[in-house]
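Quick note on labels: first sequence line is chain A, next is B, and so on, each numbered from 1. Computed from heavy atoms alone, side chains included, the values below leave out hydrogens, waters and symmetry copies.
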Amino acid sequence: MTIPEILSEKVLAALAALDLEVPERMRIQVTTAADLRFGDFQSNAAMMLAKFAGKSPRDLAQELADQLSSGDLCEVSVAGPGFLNFTLTPKAWSDLARTQWSSTDLSVSKVDSPQTIVLDFSAPNVAKPMHVGHIRSTIIGECLARVATKLGHKVIKDNHIGDWGTQFGMVTWAWKKGVDEARLEEEPLQELLRLYRAASDASKEDESIREECRAELVKLQQGDAENAAIWTRCLELSRKGLDAIYERLDVSFDHWMGESAYNDALAPLVAKLQESGLARESDGAVCVFSSETVKPKGDPFKINRDGEWQDYPMIVRKGDGAFNYATTDIATVEHRVHEWKTDQIWYVVDFRQGGHFEQLFDVSKRLGYDQVNLVHVSFGTILGKDGKPLKTRAGDLPQLEDVLDDAVKAARIVVDEKSRLDTEEEKAALAELIGVNSVKFTELSHHRMSDYVFDLDKMVALEGDTAPYLLYSYVRSRSIFRKLEDGVTLSAENLNLTEPAEIHMVRMLSRYGDQVKLVLEDYRPNLLATYLLELARAFHSFFEACPVLKSEGQTRESRLIVCDLTSRVLKDGLALLAIDVPERM
RNA sequence: GCACUCGUAGCUCAAUUGGAUAGAGCGCCUGACUACGAAUCAGGAGGUUAGGGGUUCGACUCCCUUCGAGUGUGCCA
């Protein structure tokens, strides 16, 4: 049981002793204190129940405080408008730290009912290199996967790559006009991008070329041997390039079920939708319309034009007979439910597709997949330095690989200046680690819904709230153990904390499990990122205030345990953010 | 027009989901290194949370409204 849970029970017992029955809708809660000046934990019980009890909040709080006899665990006091404040004793903090240090999972408890969760993230279009815009989905998705796994869920990471869409007609068209085989071997993604751009530019100017590209796609989808061979080749080359970048980012997938994997399922699916009456023909296309069960304003299948609510259907077969991504997405849900028995699907996708997902989720429900929890984990836009969105269509987004290279270059300058490492190999490896992790940490430390400015200089800034700060904290917490020439044997029973900085360090450490859980409540990696920064700050404070090696006996051993526990939590927490730590820097 | 997402210190961002005097970093100012690693720490200045109204013991958070930004709005994904 966690401390807040123990305290909640005590408060409930105190309420019972005062003959106060808590109405069902009121949830008495004990939370970590918002401000440490008031104690470690706080409860708003008295303020919530004051009216009900016919007493002033402060009087009721005082009566509760009198009931809650102070003991080994904590001191109880009343403050402000009627808060109950709990301040844990040093002994209680020492006990908590002892338990956490001795546990292999760092006191992060698993969820009660583990779920099977499919995580749909990254999903780049093949034949196009990833650009900066792909950072958000890729990094947030990987982080959520790691956190969910840590909490005991079964996670299936699926890279639903765009390997069947319009761009393939274009690449094929340009490929046939002349592909540079030599370059294809050396820089496959760059050559494929060149082909795509050539076709894209040409078809913008010439309607007939656009038709030719479309025809190439139709041939591919109908099984034309030559186009299929080109497609297979494209896929292999793209895969090679993508694998390299994912390895660099330390991101991995269990499956690569791209759009093409569902091609054969699409026609039967549309037939099923029509037979069941969910879909019907409209303007030559096959569409799913509103269920007419909700008000138009909240209906994803309605849209208001000139003051009138009109149908805004989901098109599952286009007028030309081709299927689109909506169809594929429904087929994908079916596959994940039937083959993988999933309980949940989390889509880590740009917020601009919100409307699409509302429709997809509604159709899935109407198809009978209402027991599956479908979540659109949406995120905002990455902006340029001018404050305007980096436009995807402009085609001039910086490529992800170049961004990583730039970040590594910037990191290298500081490494040369400050690092204690000796060899060129070590320095190069450290610069790579710092550069890549800085980009990842920048992403994860932002609220996913807010837009943020893509500023490379700030991203790789090496002081302040950054990845290097966290890495440095870890290195500092480890280096002290290298000073112990004979090594040391630590034992939990000798842990005894007295100094405020020690207590605060342990207080921060004890929050780890709750912070990890919090990430999944609203799919918010930035909460963990912020917590780790706070933890690191507390560690540096502790480290300056409390000499470790110069102290003696139990104090020394206690502080060494705090250092060890800190390094373990930092490493574990950073691993959840997909950030690896160096031992020296 | 309508819908969605936003608007917090000069700048970049938080705020444990409705809690107490809204917190960090950068930048600025003052201190601390022949070092348990200064990629650090201790401290200072900086706010009418875009404006207005409402709900409540209590609002950055919920509701209404005005202003501003971004996005979406029938066969691209």
Does U17(B) have its OP1 or OP2 closer than 4.0 Å to a side-chain nitrogen or oxygen of Tyr523(A)?
no
No-H, no-angle donor-acceptor pair, Asp451(A) side chain to G70(B) base, under 3.5 Å
no
May I ask you to say what Met585(A) touches in the nucleic acid, namely base, sugar-phosphate or nothing, with a heavy-atom cut-off under 4.0 Å?
base
So, is Lys51(A) near the phosphate of U56(B), with a side-chain N or O under 4.0 Å from OP1 or OP2?
no
Is any N or O donor-acceptor pair between the side chain of Thr31(A) and the base of G19(B) shorter than 3.5 Å?
no
Counting the atoms with a prime plus P, OP1 and OP2 as sugar-phosphate, which does Thr32(A) contact under 4.0 Å by heavy atoms, base, sugar-phosphate, or nothing?
base
Distance-only donor-acceptor test, Asn85(A) side-chain atoms vs A20(B) base atoms, 3.5 Å
yes
Regarding Leu527(A), tell me which of base, sugar-phosphate or nothing describes its non-hydrogen contacts under 4.0 Å with the strands shown.
sugar-phosphate
Mind checking if Cys563(A) touches a base, just sugar-phosphate, or nothing, with heavy atoms under 4.0 Å?
nothing
Charged N to carboxylate O under 4.0 angstrom, Asp299(A) versus Lys295(A)?
no
Classify the side-chain pair His356(A)/Asp329(A) by whether it contains a donor and acceptor separated by less than 3.5 Å.
yes
Does this structure show an ion pair linking Arg214(A) with Asp320(A), if we count only N-O contacts that are shorter than 4.0 Å?
no
As its Watson-Crick or G-U partner within any shown strand, both distances under 3.5 Å, C11(B) has G25(B)
Given RNA chain B, 5'-ward residue of the pair Asn44(A) and Cys546(A), judged by closest heavy atom
Asn44(A)
Within the structure shown, what part of the strands sits under 4.0 Å from Ala326(A) by heavy-atom distance: base, sugar-phosphate, or nothing?
nothing
Would you please confirm or rule out a distance under 4.0 Å between OP1 or OP2 of U40(B) and any side-chain N or O of Lys418(A)?
no
When all nucleic acid strands are considered with a 4.0 Å heavy-atom cut-off, which category describes Gly354(A): base, sugar-phosphate, or nothing?
nothing
Within the sub-3.5 Å range, which N or O atoms of nucleotides 25-28 of chain B have a protein N or O partner, and how far apart are they?
| unit_1 | atom_1 | unit_2 | atom_2 | d |
| --- | --- | --- | --- | --- |
| G25(B) | O4' | Asp465(A) | OD2 | 3.2 |
| G25(B) | O2' | Asp465(A) | N | 3.3 |

Check: Asp158(A) side chain, Met257(A) main-chain N or O, donor-acceptor pair, under 3.5 Å:
yes
Does Arg305(A) put a side-chain nitrogen or oxygen below 4.0 Å from OP1 or OP2 of G74(B)?
yes
Between the base of G70(B) and the side chain of Thr381(A), is there a donor and acceptor pair under 3.5 angstrom?
no
Nearest of A3(B), U16(B), C13(B) to any side-chain atom of Leu518(A)?
U16(B)
Between U12(B) and G27(B) - C1' atom distance, rounded Å
11 Å
Has the side chain of Gln42(A) got a donor or acceptor that lies under 3.5 Å from a partner of the other kind on the base of A20(B)?
yes
Within the structure shown, what part of the strands sits under 4.0 Å from Pro57(A) by heavy-atom distance: base, sugar-phosphate, or nothing?
nothing
Salt bridge check: are Glu432(A) and Arg412(A) linked by an N-O gap of less than 4.0 Å?
no
Is Phe83(A) stacked against the base of G19(B), taking the criterion as centroid distance under 5.5 angstrom and interplanar angle under 30°?
no
Say whether Gln353(A) and Tyr347(A), considering side chains only, have a donor N or O and an acceptor N or O under 3.5 Å apart.
no
Does the side-chain ring of Phe38(A) lie flat on the base of A20(B), meaning centres under 5.5 Å and planes less than 30 degrees apart?
yes
Spacing of the P atoms in U8(B) and C13(B) (rounded, Å)
9 Å
Run the salt-bridge test on Glu544(A) and Arg476(A) with the 4.0 Å N-O cut-off and return the result as yes or no.
yes
With rounding to the closest Å, how many angstrom separate the P atoms on A3(B) and G46(B)?
42 Å
Touch class at under 4.0 angstrom, heavy-atom based, for Tyr531(A) against every strand present:
nothing
For A38(B), does either OP1 or OP2 sit under 4.0 Å from a side-chain N or O belonging to Arg476(A)?
yes
Donor-acceptor side-chain pairing of Gln359(A) and Tyr312(A) below 3.5 angstrom
no
Would you indicate what Tyr325(A) reaches in the nucleic acid, counting non-hydrogen atoms under 4.0 angstrom: base, sugar-phosphate, or nothing?
base
Between Ser473(A) and His540(A), do the side chains contain a donor N or O and an acceptor N or O under 3.5 Å apart?
yes
Side-chain N or O of Ser541(A) closer than 4.0 Å to phosphate OP1/OP2 of A42(B):
yes
Indicate, with a heavy-atom threshold strictly under 4.0 Å, whether Gln167(A) touches base, sugar-phosphate, or nothing.
nothing
salt_bridge(Asp580(A), Lys440(A)) N-O dist < 4.0 Å
no
Counting side-chain heavy atoms from CB outward, which of U40(B), A14(B), C75(B) is closest to His540(A)?
U40(B)
Just to be sure I understand the rule, does Asp283(A) reach a base, reach only the sugar-phosphate, or reach nothing, if contact means heavy atoms closer than 4.0 Å?
base
Proximity to RNA chain B (any heavy atom under 4.0 Å), residues of residues 437-445 of chain A only:
none
So, is U71(B) syn or anti if syn means the angle is within 90° of 0?
anti
Applying a 4.0 Å non-hydrogen cut-off, can you work out what His447(A) is touching in the nucleic acid: base, sugar-phosphate, or nothing?
sugar-phosphate
Ion pair Arg537(A)/Asp465(A), N-O distance below 4.0 Å:
yes
Please tell me whether Asn263(A) and Ser260(A) have a donor and an acceptor in their side chains that are separated by less than 3.5 angstrom.
no
With P as the reference atom in both, quote the distance from G23(B) to U66(B) in angstrom, rounded to an integer.
33 Å
For Asn85(A), the side chain to side chain donor-acceptor pair (under 3.5 Å) test, sequence neighbours excluded, returns none
Side chain Tyr472(A) and base A39(B) donor-acceptor under 3.5 Å:
no
Is any side-chain nitrogen or oxygen of Ser450(A) closer than 4.0 Å to OP1 or OP2 of G7(B)?
no
